Amino acid sequence: MRYLPLTDTDRADMLERVGASSIDDLFVDVPAVAQLDGPIRDLPMHASEMAVERHMKALARKNTAAGDAPLFLGAGAYRHHVPASVDTVIQRGEFLTAYTPYQPEIAQGTLQMLFEFQTQVARLYGCAVANASLYDGSTACWEAVAMAGRITRRKRAVLSGALHPHYTQVVKTMAQFTGDTIADAMPAIQTEPDNTGLINRIDDETACVVVQYPDILGRIPDLGELAEAAHAKGALLVVVNTEPVALGAIKSPGEMGADIVVGEGQSIGVGLQFGGPYLGLFAVRNPKHVRQMPGRLCGETVDAEGKRGFVLTLSTREQHIRREKATSNICTNSGLCALAFNVHMTLLGEKGLRQLAAENHRLACAAADRLEKVPGVTLLNTAFFNEFTFQLGGQPAREVVRKLADRDVLGGVSLDRLYPGVDALKDALLVAVTEMTTMGDIETLATELEGVLS
Amino acid sequence: MRYLPLTDTDRADMLERVGASSIDDLFVDVPAVAQLDGPIRDLPMHASEMAVERHMKALARKNTAAGDAPLFLGAGAYRHHVPASVDTVIQRGEFLTAYTPYQPEIAQGTLQMLFEFQTQVARLYGCAVANASLYDGSTACWEAVAMAGRITRRKRAVLSGALHPHYTQVVKTMAQFTGDTIADAMPAIQTEPDNTGLINRIDDETACVVVQYPDILGRIPDLGELAEAAHAKGALLVVVNTEPVALGAIKSPGEMGADIVVGEGQSIGVGLQFGGPYLGLFAVRNPKHVRQMPGRLCGETVDAEGKRGFVLTLSTREQHIRREKATSNICTNSGLCALAFNVHMTLLGEKGLRQLAAENHRLACAAADRLEKVPGVTLLNTAFFNEFTFQLGGQPAREVVRKLADRDVLGGVSLDRLYPGVDALKDALLVAVTEMTTMGDIETLATELEGVLS
Amino acid sequence: MNAPVKSGPNKSGWKPAMQVSEDGLHNGPATTTGNRALMLEEPLLFEIGHAETTGVDLPEIDPSHSNRLAGFERQEPIGLVGLTEPETVRHYTRLSRQNYGIDLGFFPLGSCTMKHNPRLNEKMARLSGFADIHPLAPKQSVQGALEVIHQLSDWLMKLTGMPSVAMSPKAGAHGELCGILAIRAAHTANGNPREVVLVPESAHGTNPATAAFAGYKVEDIPATPEGRVDLAALKERLAPDVAAVMITNPNTCGLFEKDFREIADAVHAIGGYVYCDGANFNAIVGRVRPGDLGVDAMHINLHKTFSTPHGGGGPGSGPVVFSEALKDFAPLPFVRKLDDGAFELVEEENREHRGQSFGRMTAFHGQMGMFTRALTYMLSHGADGLKQVAEDAVLNANYILRSLEDILHAPYAESGPCMHEALFGDKDFGGDLSTLDLAKGLIDEGYHPMTVYFPLVVHGAMLVEPTETESKASIDQFIAAFRSVTERALAGDETLKQAPYYAPRRRLDETQAARKPKLAWSEPGE
Amino acid sequence: MNAPVKSGPNKSGWKPAMQVSEDGLHNGPATTTGNRALMLEEPLLFEIGHAETTGVDLPEIDPSHSNRLAGFERQEPIGLVGLTEPETVRHYTRLSRQNYGIDLGFFPLGSCTMKHNPRLNEKMARLSGFADIHPLAPKQSVQGALEVIHQLSDWLMKLTGMPSVAMSPKAGAHGELCGILAIRAAHTANGNPREVVLVPESAHGTNPATAAFAGYKVEDIPATPEGRVDLAALKERLAPDVAAVMITNPNTCGLFEKDFREIADAVHAIGGYVYCDGANFNAIVGRVRPGDLGVDAMHINLHKTFSTPHGGGGPGSGPVVFSEALKDFAPLPFVRKLDDGAFELVEEENREHRGQSFGRMTAFHGQMGMFTRALTYMLSHGADGLKQVAEDAVLNANYILRSLEDILHAPYAESGPCMHEALFGDKDFGGDLSTLDLAKGLIDEGYHPMTVYFPLVVHGAMLVEPTETESKASIDQFIAAFRSVTERALAGDETLKQAPYYAPRRRLDETQAARKPKLAWSEPGE
Ligand SMILES: Cc1ncc(COP(=O)(O)O)c(C=O)c1O
Ligand SMILES: Cc1ncc(COP(=O)(O)O)c(C=O)c1O
């Protein structure tokens, strides 16, 4: 078999060396009840690369790839152009087939990359320190809530109604077990984010306020106002960002007073991949909070000859040292996605990220303008970056999305998919636009939407 | 621009250093008649990766890729399965972006690979020495004729009528200029190769006899008989192979007495690519002939510490040393294709190549059996490896191929495409089968052929 | 029997390579660049990039274009720098060359299962039908993706003999959390979440961390001198306050827990659940089904047993299989096959199909990119191949154990065959040498060291996991090198203290890194 | 002005890396494996593979299956060995790490134009619509492929200002052959192929070899002391026996042939043709059109100017542009756009469209895999970008010339600006040091050396071609390193004789290799 280098002769020689008469001798400690008499039944036997490729390609063909239909889906996962050289780099065996850099003398490649990545994320978020990644935005969001609890020694988190519902659910799932109180809410269908409502929910027990920026409806909340209100009550402001490209056009959460900034990094370098693996970003504005951070941190040091080098550091926060007292149980994180982010962000640079953001916004404005002209359609947002919400005049958006798909247009995400069963949200459609969207795509969506709605 | 690292500041600084006031100063030696006043007109300006990708994908979509239709095309280019790891290896920057290994201390990767490649080719062909590749099978064929001329000091080459017509044409093109006499012929439509006819054409002036094995109609000539006849007249036997996989099932040309064996290596590792780049293989049975060989040769040696290493050697045969007295003008060859061949052949190994050959032959037999049942169709060959010739009972094969393509079947190569205008060949269809062919593909071809012929 | 392997030629064709000359020739002159031929230094991105440089050709920003950013336009520079594509490719290529990976050589990092990552997996994961689909695309347009999840689930359930699997956990530790949360949910449904989770001292750090993260107190499970759970002592501790035990099997000492079934019965008897850390599933895949041993929940690291790449620290994927007792508590979402053959995603809206689910652990539906790779791998190996995987992995480990035990302290060598990894300790080393020094000596020899100082139960632990994707020749060469470095360690050879000599960096100062953490680049003087 | 560059920090942000310590620490103990950490030794395939091992899972051969091989079944083993996939990937990864490439660092190999190979090119060439189509597929099914050839032809004609292009030549030398054959065909059509082709001594070896291969006698064109063709002397030699001149422009001394137009006129006046070796087109692409200089035929190395990778020695692609005078003689096949917008291939059967064609040079239609890459590159750069390519390439070369001429013999430094490459000689070196020693010293510094001992007209020639894809920081660092090694060479530092010290191999014995050639592996003792 093509991945198994031992030959039968090798096996015989090796069994002799270990003093076993057959391979079964090495499994003597397995109780009889669990000994199988042959390969597991009901599963196929081994297959050639050609046969497996056929099988997998047949499955892939049952999906509509984004390149084959105009795509306006967002809601926490965005289709951006990833330069070809990103994949070249992440396929280098030295990156792809390495482990977490436990032996720094032969892992400087991964370590220096992580140091660069941490710097990029910290700067993007307007923070002092970022970690070496978490699983994804949603789990990073929970980690932020937990960390805020450790810092403030309080157990109540107030979530904005316009936080991505999956993120809300993840936080609530965890809180069921930790005993934290989570004050969440439904998104209010209104042109501006409901900052007042959110501020009113902050009390003296509140560890943190969690707000998404831009929010799930594509609106842009004023973080400064929220930071002030949170800090006044001794709470931390946790800002969640699901579209890092936006931060090329709008102010960073850090500069507006956020204490912990977390987010999804998938837009940069990672790709859609049906939802995973993605890339959890996590940063803090105040360097004093570093020792409460979850996840790995890469730091600068020198070697025995005085040369600069990098190591994983502050590991006394982590499970492999601290065990049950660790700041998080995370071990494997999203290393290779962090590399993809790092490479893509390097290709963009300050200039490219700003241009990318401008281009996203320009096309989103064009799409909003065009779609508003479709009869029966109203734009909710006054402000947005590259995603916005339409109301379809009472028509069920989910149905409309399905009909659009029948016409080979992936027209957006219905709020009913995200918040099933909430009447007030049923006719709302979330539409995302990126640099990959063409004016032709926008026209197609407008036309088909008109067709479906009429 | 994304491939140009100099910034405008850099350019200004550098111009200052070189003492030029503008870039135009550096082009002062260009005569005024040839100075353009700006970017060349009628050509587009630079474009983003995204835009270029769209353009190229649109062009690619105008072709029917082999995976999208059953494919029975051969005639010197075969669709075999190339394991995924081959591409991984050839995309390693250290291989992809290296030059010809002129500095052996930092090119041992390429050099050792070439040494392995030469060994693989020599063994496959039953020869003593193979070179480090030529452009493709057809140019290798001419190089063999030229080399035979140098060795025998004769200027007449006798070509089998069943040599690939493109190869024949390449040899004839060159001979027009060198003054060699080329005795070629049309393929005789008969069940067995016309060895007798070929032998009869050998005379005392003949430098070499060139025969294809298996031949253009898929038949398998007896090389032993030809070697004997050639050698009897003091001529060399040049054997051309366009399907290296065949040599996993049939005897090597070397063991049957061929003096020079050349061929196309594309089947192993390289892929179809619409005809290029391909891989010219070149080997000699008699090590004494090495100094007359064209192209690069990699040899073993030691370094200053006595460690084994590899270098390009015997370069006094080559253009960069010998100039107008070189054995060939070739410089750049097919290095990366040789690597792909080397890697794929390593994955196959003795066992895999033999299995691959057996599988090709098994499926080809199945196809021949099935297609013979199509009314109006007769199989020409008594023997074949993975390609054979059908006669369509007087129907023009080219027309049939076109109609099959309309039905999304790439059903074979008509001899009329290869030998346009020859009446005797008009109804003959060349059908190739590989391990990529499924029984379903065969059935589809049979059915559609029946449809087209009736 | 068990004769030491000599360095030198062996049947598998490996020959010791030519020696570095000892006449000092290699001690060449210092270079002005700091490079040493192909061992290249590389500055930080921020030292070579520019704010105005970019490797993408996007349209210049039109400042006249009105925006709808509600006055939040960025005013300050972000502080990023860019490189053009040539610079980018070179920067990362040079960095990559300072790394060790499986592709370069033997990487026997115990517990981490650094097996070969097949390239077909990578190719399949990149098919646009998998790589370029949106997680919230209308389900009619992603039936193939849902089918991949379904097929992979089916493989996992059959390989483990368990009736249910949760696919969304993002790595092993996340899988542990998934399992423990289901356990907690089940207890809670019975009216009492209970208080304690029992975990052996030899367990991976994620086990106690997870239990604590889920709100449990962690207590130790005692071990026998032979390196296994002390069944009698465990039974003594079991009481209704114990919510679960978390046991790794094969365990982190490389041994199969013979008494697993009895342990499970005892835990079940007090109403507790058995969580099995399945990180070591590679030792038994295709040969032993955890379901036959009484497991209630077990995570599987697709990035270990099922060959998805580790990528320098992730991403992973940690599906969790569940017993009948726990399956109703498993998280959302999951994939269901409908009667008409279509696939649907069970999420919040149709959670009636799993009424007692503890909820959602992550956005979207799991590590799809890892699923396609793992399924490709399973289909390639098949049931027969996977069984062979386990057998070869175990054979290789035993071969190493028996080839080194004569010179290296092997605390559990008498406990029967090891499974997929061999455990050693540094107790006989000379001078003040320790495991770390041996590890660094192996680096010079061209190897990635084994896992060191884990598990905690052995002094100077060295956990060697060869996996099944090494050839005998490779292992023989490793044994020869290991013996040579071990001999130096036993003899107290002080030069080992300074190893590695040839790596891109000498030993790094970890204390300084932690004392004054520098975690992001800043302009010198900033 | 022209002040020497000092090693040390500069504005572009480059800093000299930390030094290798001079206290001998790096002179570590010899390893048993011969490896030095990440610098890994690797045996030959034949020393580690087995005849029974394979990395593909094909069906076992059924010996009972009847065959139709006419009695020619193979009886003898081929003598191949196989490796499994893990072994294969590792074998070639380790080998690759013994190579230098553009991706690793600066590769100023003069005349070879080692520019960055964009990764989009690689991606596009791998689209199944290009990579997986058969050359003899019915034309209706490959219209996109034919259109690629047509579009690329259009770019090449416009960039060169020439009315015709032949796409099938497989590399530069094959392109030369194509051009010379067309010239010979044209003369022959006039009744006399003529006898002589004039080639300067500084020309690349392929030029005289090609002319000879096409049946011509080769004679030297004299050069002026400033490194250009001696127009007067050339004119003197021109006579009706001269079929053509072959001139490289910019020439291999890195200079633009100012008198090219006059040369062309003189050659045309005696009825000869002007062949231009276009290997150095990168210096002028987008800025100067050879068609405006009187060229009759010129090959273009897509693997130089248009960024297709060199791959350790190929494949290349060498399309040839032709003037009105020669275009009817160009080879088959070529692509023609029909009035209905469809594309057709003109081959033997419809050669009436090019009645005087000298015929076919190769099977099929050329290096399609290079065409897709080159077209991708051209579209990326556009007319504006390509012009910038030439300008930056020339600027970089002049910058190097002016930064080194104060310490290194630069024979043509007074001949005006250089084009895309700077030429130096070793005449001032101390002791018995020569260009080779400097080159090997650069290897230790982390560079691929420049082209050495070519062109032949300069003693110990060093031809440095930076290309446009190097940053100023990269070039500055190179200059600093080059100066440092040059200073050692000038001072006669004998340690340079033993360089390289740090490469995978020390200097290799080329004499032994040629004296007793070992060109294939054989079993020891075989
Ligand atoms: C025994 C054991 N358990 C759990 C884990 C955690 O898995 P992950 O790193 O995927 O979170 C590991 C990984 O190293 C492990 O070895
Ligand atoms: C000036 C010059 N002419 C011709 C050639 C030959 O080109 P190729 O190697 O593509 O055959 C080269 C390549 O090195 C060259 O530099």
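Here is how names work: the chains are called A, B, and so on, in the same order as the sequence lines, proteins then strands, and each is numbered from 1. Source: prediction; values computed, not measured.
Between atom CE of residue B:M56 and atom CG of residue D:L379 there is a gap of 7.0 Å, rounded to the nearest 0.5 Å. Atom CG of B:L353 sits about 4.5 Å away from atom CD1 of D:I78, to the nearest 0.5 Å. Rounding to the nearest 0.5 Å places CD of D:E122 at 5.0 Å from CG of B:L96. Between the CD atom of B:Q112 and the OG atom of D:S96 there is a distance of 11.5 Å, given to the nearest 0.5 Å. Atom OG1 in B:T346 sits 6.0 Å away from atom CG in D:L83 (nearest 0.5 Å).
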**Request:** Please report the C-alpha distance between B:H55 and D:M124 in whole Å, then the side-chain angles of each, then the deciding distance to 0.1 Å, and finally whether the side-chain contact (heavy atoms from CB on, under 4.5 Å) criterion is met.
**Result:** CA-CA 10 Å; B:H55 179 103; D:M124 294 302 96; over 6 Å; no
**Prompt:** Given the rule in the side-chain contact (heavy atoms from CB on, under 4.5 Å) test, do D:F72 and B:D222 qualify, once you have shown the distances and angles that lead to the verdict?
**Reply:** CA-CA 8 Å; D:F72 293 110; B:D222 181 351; 3.6 Å; yes
**Prompt:** Given B:H166 and D:R360, is the side-chain hydrogen bond (donor to acceptor under 3.5 Å, both in side chains) satisfied, shown in steps?
**Reply:** CA-CA 7 Å; B:H166 286 180; D:R360 175 181 283 280; 3.2 Å; yes
**Asked** For B:H361 and D:E73, what are the C-alpha separation, side-chain angles and deciding distance, and is it a side-chain hydrogen bond (donor to acceptor under 3.5 Å, both in side chains)?
**Response** CA-CA 11 Å; B:H361 188 55; D:E73 303 90 300; over 6 Å; no
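Note that D:R287 lies in the cation-pi zone of B:F27, set by a 6.0 Å cut-off to the ring centre and a 45° limit from the axis.
Note on B:R92 versus D:D103: no salt bridge recorded, every NZ/NE/NH1/NH2 to OD/OE distance being 4.0 Å or above. A salt bridge links B:K351 to D:E60: at least one charged side-chain nitrogen sits closer than 4.0 Å to a carboxylate oxygen.
Taking D:S128, D:G385, D:A439, D:A363 one by one and counting their heavy-atom pairs under 4.5 Å with chain B, the maximum is reached by D:A363. Listed options D:T88, D:L69, D:T53 were ranked by heavy-atom pairs under 4.5 angstrom with chain B; first place goes to D:L69. In terms of heavy-atom pairs under 4.5 angstrom with chain D, the leader among B:E116, B:Q108, B:Q118 is B:E116. When D:G49, D:G316, D:A212, D:P59 are compared by the number of non-hydrogen pairs under 4.5 Å with chain B, D:P59 comes out ahead. If you tally non-hydrogen atom pairs under 4.5 Å between each of B:G349, B:A107, B:A98 and chain D, the highest count goes to B:A98. The candidate from D:Q143, D:R184, D:E52 with the greatest count of non-hydrogen atom pairs under 4.5 Å with chain B is D:R184. Ranking B:L43, B:T313, B:V33 against chain D, the residue ahead of the rest is B:L43, based on heavy-atom pairs under 4.5 Å. Note: B:P277 leads B:A65, B:P277, B:S138 in heavy-atom pairs under 4.5 Å with chain D.
When all heavy atoms of D:L45 and B:Q120 are compared, the closest pair comes out as CD2-NE2, 3.5 Å. Smallest separation of non-hydrogen atoms from D:A383 and B:M45: CB-CE, 3.8 Å. Contact detail for D:F213 and B:T178: the closest heavy-atom pair is O-CG2, 3.4 Å. Heavy atoms only, all atoms of each residue included: D:G313 and B:N333 are closest at O-OD1, 2.6 Å. Contact detail for B:L347 and D:T54: the closest heavy-atom pair is O-OG1, 3.1 Å. When all heavy atoms of B:L410 and D:P138 are compared, the pair lying nearest together is CD2-CD, 3.8 Å.
In this structure, the portions of D:H448 lying under 4.5 Å from any heavy atom of chain B include both its backbone and its side chain. For D:V81, the part lying near chain B is the backbone, with the side chain staying farther off; criterion is any non-hydrogen pair under 4.5 Å. In this structure, the portions of D:K158 lying under 4.5 Å from any heavy atom of chain B include both its backbone and its side chain. Both the backbone and the side chain of D:D509 come within contact range of chain B, with heavy atoms under 4.5 Å apart. D:P504 touches chain B through backbone and side chain together, each having a heavy atom under 4.5 Å away. Looking at B:E53, the atoms closer than 4.5 Å to chain D (heavy atoms on both sides) sit in the backbone and in the side chain alike. Of the two parts of D:E176, neither the backbone nor the side chain holds a non-hydrogen atom closer than 4.5 Å to a non-hydrogen atom of chain B.
Between B:F177 and D:F358, the ring planes lie perpendicular to each other; the angle is over 60°, past the 30° to 60° tilted range. Ring orientation note: the planes of D:H116 and B:Y3 are tilted relative to one another, at an angle of 30° to 60°. Aromatic ring orientation, D:F364 versus B:H164: perpendicular (interplanar angle above 60°, classes split at 30° and 60°).
For the pair B:L336 and D:P315, the minimum side-chain heavy-atom distance is below 4.5 Å. At least one side-chain heavy atom of D:H174 sits under 4.5 Å from a side-chain heavy atom of B:Y135.
With sequence neighbours excluded, no residue forms a salt bridge (Lys or Arg N to Asp or Glu O under 4.0 Å) with D:D384.
The backbone N or O of B:P31 lies less than 3.5 Å from no partner atom in the side chain of D:R261, so there is not a single donor-acceptor pair. Looking at B:E350, its side chain does come within 3.5 Å of a backbone N or O of D:G79 through a donor-acceptor pair.
Around NZ of B:K172, the count of heavy atoms belonging to other residues, nucleotides or ligands within 6.0 Å does not exceed 12.
In the model, B:S85 has no side-chain atom that pairs as donor or acceptor with a side-chain atom of D:Y92 under 3.5 Å. Of the N and O atoms on the side chains of B:T110 and D:N99, at least one donor lies less than 3.5 Å from an acceptor on the other residue.
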